Engineer: 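Have a look at this one.
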Amino acid sequence: MNLVAVLWDANPEMIKIGSVPVRYYGVLFALGIILGYKIVSYVFDKERISQFYLDKLLLYIIVGTVVGARLGHCLFYEFDYYMQNPLEIIIPFAKVNGTYQYVGFMGLASHGGAIGVLLAIYLYCRKYKIGVLWILDKIALGVPIAGAFIRFGNFMNSEIYGKPTDGSWGVIFANDDMIPRHPTQLYEAFGYIITGVFLWFLYHSHKVKNNGVVFAYFLILMFSTRFILEFFKEDQVAFEQNMMFNMGQWLSVPFILIGVLMLVFQNKMTNISQFNSSSLVESSTK
């Protein structure tokens, strides 16, 4: 008897505007970005940094996230399919029964999004002459809540769920089957929230300077959470079945190693990351 199994059969569509559905995933994705922005905005206000720089940064991050996440999914998980259907990489339509139908951008990969954001931040810092590690320490405070809300969106979509439990507990994703499973979307979401709380207190400790330490812990904790929870997830694509670690785990390893190396060499990082933010305090137009 499934005494503590929860039946989950939520409709992923909130409403329809004409024939175009508005999905919970998209709304939660946007809400996560907004909340992350508010957190970083609060830090900018506390340090009396002009919001001009954050507003410009937001545009870079949104583009980097969406483009990176989309390309990451297409290249890392369904390379063969999208090489045969390259137009579907950039349009929210797919060929169904011989005709194109609106399906939205169903494939987004968080690792691709992370790479896209890092490239966007680099371009932003080069344009506005801002220290990369200085800004990464700030952004690291807002990303965990954004990541958590994206995983809540995955839960509403009944996707990226976990392997079956022993049958006496779990979540039954009725849209797919009637098997109690690990709700790994929720595990990951709450893991990210805990990471965000830790980083918040770390950032406000007097022991941490703007030398990339917060960002280093962000890389280690966020991607270690992802790596560990992948053991409880179902494989997303067929080719993962014979792999020692799945694609999500292999893609997490470089981020974790970079975070560890940043902590090991944090003294040297301090020497190369000196940035005086006083030039950002009063300026509001450039």
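The figures that follow rest on heavy atoms only: side chains count, while hydrogens, waters and symmetry mates do not. Values in this document were obtained by computation on a predicted structure and should not be read as measured data.
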Engineer: Using the side chain to side chain contact (heavy atoms under 4.5 Å, CB included) rule, take I150 and Y192 through it: C-alpha gap first, then chi angles, then the decisive distance, then the call.
Structural biologist: CA-CA 11 Å; I150 290 171; Y192 291 165; over 6 Å; no
Engineer: Test your reading of the model: is there a side-chain donor-acceptor pair from S224 to the backbone of L221, 3.5 Å cut-off?
Structural biologist: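 No, the answer is negative, given that no donor and acceptor are paired below the 3.5 Å cut-off.
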Engineer: State plainly whether one hydrophobic cluster holds both F265 and V214, where clusters connect Ile, Leu, Val, Met, Phe, Trp and Tyr through side-chain heavy atoms under 4.5 angstrom apart.
Structural biologist: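 Yes; V214 is reachable from F265 via cluster members.
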Engineer: Are F231 and I256 linked, directly or through intermediate hydrophobic residues, by side-chain heavy-atom contacts shorter than 4.5 Å (ILVMFWY only)?
Structural biologist: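 Yes: a chain of side-chain contacts under 4.5 Å links I256 to F231.
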Engineer: Are L59 and V63 close enough, and set up right, to give a side chain to side chain contact (heavy atoms under 4.5 Å, CB included), and what steps lead you there?
Structural biologist: CA-CA 6 Å; L59 296 176; V63 174; 5.7 Å; no
Engineer: For the residue pair K127 / Y60, report whether a side-chain donor-acceptor contact shorter than 3.5 Å exists.
Structural biologist: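 There is no such pair (donor and acceptor under 3.5 Å, judged by atom type) between the side chains of Y60 and K127.
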Engineer: Heavy-atom count around F198 CZ within 6.0 Å, excluding the residue itself: above 12?
Structural biologist: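 Atom CZ in F198 is crowded, with more than 12 foreign heavy atoms closer than 6.0 Å.
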Engineer: Please walk me through it: do N175 and N11 pass side chain to side chain contact (heavy atoms under 4.5 Å, CB included)?
Structural biologist: CA-CA 9 Å; N175 291 335; N11 185 344; over 6 Å; no
Engineer: Please tell me if the side chains of K233 and I160 come closer than 4.5 Å, counting only heavy atoms from C-beta onward.
Structural biologist: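 Heavy-atom side-chain distance check passes, below 4.5 Å.
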Engineer: What is the minimum heavy-atom distance between V40 and K138, and which atoms define it?
Structural biologist: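 Nearest heavy atoms, V40 then K138: CG2-O, 3.6 Å.
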Engineer: To the nearest 0.5 Å, what is the distance between CG on L118 and CG on L123?
Structural biologist: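 So the CG of L118 and the CG of L123 are separated by 11.0 Å.
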Engineer: More than 12 heavy atoms of other residues, nucleotides or ligands under 6.0 Å from OH of Y217: is that the case?
Structural biologist: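 Open: at most 12 neighbouring heavy atoms sit under 6.0 Å from OH of Y217.
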Engineer: Only one of F245, F223, F76, Y77 clears ring-ring contact (aromatic ring centres under 6.0 Å, His included) with W250; which?
Structural biologist: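 Between W250 and the candidates, ring-ring contact (aromatic ring centres under 6.0 Å, His included) is satisfied uniquely by F245.
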Engineer: Return the minimal non-hydrogen interatomic distance between L141 and I39, and the atom names on each side.
Structural biologist: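 In terms of heavy atoms, the two residues are closest at O-CG2, 3.7 Å.
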Engineer: I'd like to know if the side chain of S158 reaches the main chain of D9, judged simply by a donor and an acceptor atom lying under 3.5 Å from each other, with no hydrogens or angles considered.
Structural biologist: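 Checked: no pair found.
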Engineer: Quick one, I33 and L58 - any side-chain contact, counting heavy atoms below 4.5 Å?
Structural biologist: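 Heavy-atom side-chain distance check passes, below 4.5 Å.
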Engineer: Does Y42 OH have over 12 foreign heavy atoms under 6.0 Å away?
Structural biologist: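 Incorrect, the count does not exceed 12.
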Engineer: Do L136 and I121 have side-chain heavy atoms sitting under 4.5 Å apart?
Structural biologist: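 With C-beta onward as the side chain, the pair touches.
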Engineer: Are more than 12 heavy atoms from other residues, nucleotides or ligands located less than 6.0 Å from atom CD1 of I15?
Structural biologist: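 Yes, because the 6.0 Å sphere around CD1 of I15 holds more than 12 heavy atoms from other groups.
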Engineer: Say you draw a straight line from CD of E159 to CD of E234; how long is it, rounded to the nearest 0.5 Å?
Structural biologist: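 Result: 14.0 Å between the selected atoms.
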Engineer: Decide whether I145 and F190 are clustered together by the hydrophobic rule: side chain heavy atoms of Ile, Leu, Val, Met, Phe, Trp, Tyr closer than 4.5 Å, transitively.
Structural biologist: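 Linked, I145 and F190 end up in one cluster.
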Engineer: Is it the case that more than 12 heavy atoms not belonging to Y122 sit under 6.0 Å from its OH atom?
Structural biologist: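 Not more than 12 within 6.0 Å, no.
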Engineer: Is a side-chain N or O of H73 found less than 3.5 angstrom from the main chain of A69, in a donor-acceptor match?
Structural biologist: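 No: the side chain of H73 does not pair with the backbone of A69.
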Engineer: Say whether L263 and Y203 are linked into one hydrophobic cluster, either directly or through other cluster members, by side-chain heavy-atom distances under 4.5 angstrom.
Structural biologist: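 The answer is yes; both residues are in one hydrophobic cluster.
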Engineer: Can you find a pair of side-chain heavy atoms, one from L133 and one from M262, that are under 4.5 Å apart?
Structural biologist: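 Yes, at least one pair of side-chain atoms sits under 4.5 Å.
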Engineer: Are the charged groups of R151 and E188 less than 4.0 angstrom apart, N to O?
Structural biologist: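 Salt bridge between R151 and E188, a charged N being under 4.0 Å from a carboxylate O: yes.
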Engineer: Any heavy-atom pair between the side chains of P144 and I193 that's under 4.5 Å?
Structural biologist: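 Contact flag for I193/P144 side chains = no.
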Engineer: Looking only at non-hydrogen atoms, find the nearest pair between L229 and T184 and report the distance.
Structural biologist: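 Nearest pair, atom of L229 first, then T184: O-CG2, 4.3 Å.
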Engineer: Could you state the interatomic distance from CZ (F173) to CZ (R181), rounded to the nearest 0.5 Å?
Structural biologist: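 Going from the CZ atom of F173 to the CZ atom of R181 covers 8.5 Å.
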Engineer: For side chain to side chain contact (heavy atoms under 4.5 Å, CB included), just list the numbers for I220 and I258, CA-CA rounded to whole Å, side-chain angles, deciding distance to a tenth of an Å, and then say yes or no.
Structural biologist: CA-CA 8 Å; I220 295 170; I258 290 171; over 6 Å; no
Engineer: Within the structure provided, determine whether I172 and I179 are in side-chain contact (heavy-atom separation under 4.5 Å).
Structural biologist: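 Not in contact.
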Engineer: Give the minimum heavy-atom separation between G191 and T225, together with the two atoms involved.
Structural biologist: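 Nearest pair, atom of G191 first, then T225: CA-CG2, 4.3 Å.
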Engineer: Under 3.5 Å, side chain of D137 to main-chain N/O of G212, donor-acceptor pair present?
Structural biologist: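 Present.
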Engineer: Does G248 offer a backbone N or O that forms a donor-acceptor pair with the side chain of N246 under 3.5 Å?
Structural biologist: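 Confirmed, N246 side chain pairs with G248 backbone.
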Engineer: Measure the spacing between CD1 of I139 and CG of L54 and express it to the nearest 0.5 Å.
Structural biologist: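 Atom-to-atom, I139:CD1 and L54:CG are 6.5 Å apart.
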Engineer: Is I34 linked to I61 within one hydrophobic cluster, defined over Ile, Leu, Val, Met, Phe, Trp and Tyr using a side-chain heavy-atom separation of less than 4.5 Å?
Structural biologist: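 In one cluster with I34: I61, no.
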Engineer: Keeping the roles fixed (side chain from H182, backbone from G170), state whether a donor-acceptor pair exists under 3.5 Å.
Structural biologist: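 It does not hold such a pair.
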Engineer: Where is the tightest heavy-atom contact between A120 and G64, given as atom of each residue plus distance?
Structural biologist: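 Minimum heavy-atom contact is CB-CA, 4.1 Å.
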Engineer: So, the side chain of Y124 versus the backbone of Y53: is there a donor-acceptor pair under 3.5 Å, distance only?
Structural biologist: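 A pair under 3.5 Å: yes.
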Engineer: Does the side chain of M14 reach to within under 4.5 Å of the side chain of Y24, using non-hydrogen atoms?
Structural biologist: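 Answer yes - side chains close enough.
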Engineer: Nearest 0.5 Å please: distance from the CZ atom of R23 over to the CE atom of M156.
Structural biologist: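 Between atom CZ of R23 and atom CE of M156 there are 10.5 Å.
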Engineer: If you look at every heavy atom in I135 and C125, which pair is closest and at what distance?
Structural biologist: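 For I135 versus C125, the nearest heavy atoms are CG2-SG, 3.4 Å.
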Engineer: Are Y161 and N154 close enough, and set up right, to give a side-chain hydrogen bond (donor to acceptor under 3.5 Å, both in side chains), and what steps lead you there?
Structural biologist: CA-CA 8 Å; Y161 46 64; N154 294 136; over 6 Å; no
Engineer: Check whether any side-chain heavy atom of L7 lies under 4.5 Å from a side-chain heavy atom of M178, and answer yes or no.
Structural biologist: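 Touching, per the 4.5 Å side-chain cut-off.
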Engineer: Main chain of S41, side chain of K46: is a donor-acceptor contact present, judged purely on distance under 3.5 Å?
Structural biologist: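 No, the answer is negative, given that no donor and acceptor are paired below the 3.5 Å cut-off.
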Engineer: Taking the six-membered ring where the residue is Trp, are the ring centres of F152 and F149 under 6.0 Å apart?
Structural biologist: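 Ring centroids of F152 and F149 are less than 6.0 Å from each other.
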Engineer: Is the backbone N or O of F227 less than 3.5 Å from a side-chain atom of Q249, with the two atoms forming a donor-acceptor pair by type?
Structural biologist: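 Yes; judged by distance alone, with no hydrogens or angles, the pair exists.
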Engineer: Can you tell me how far the CG atom of L219 sits from the CG atom of L257, to the nearest 0.5 Å?
Structural biologist: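 L219 CG to L257 CG: 10.5 Å, rounded to 0.5 Å.
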Engineer: Within the side chain of W200, is there an N or O that forms a donor-acceptor pair under 3.5 Å with the backbone of T195?
Structural biologist: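 Side chain of W200 to backbone of T195: no pair is present.
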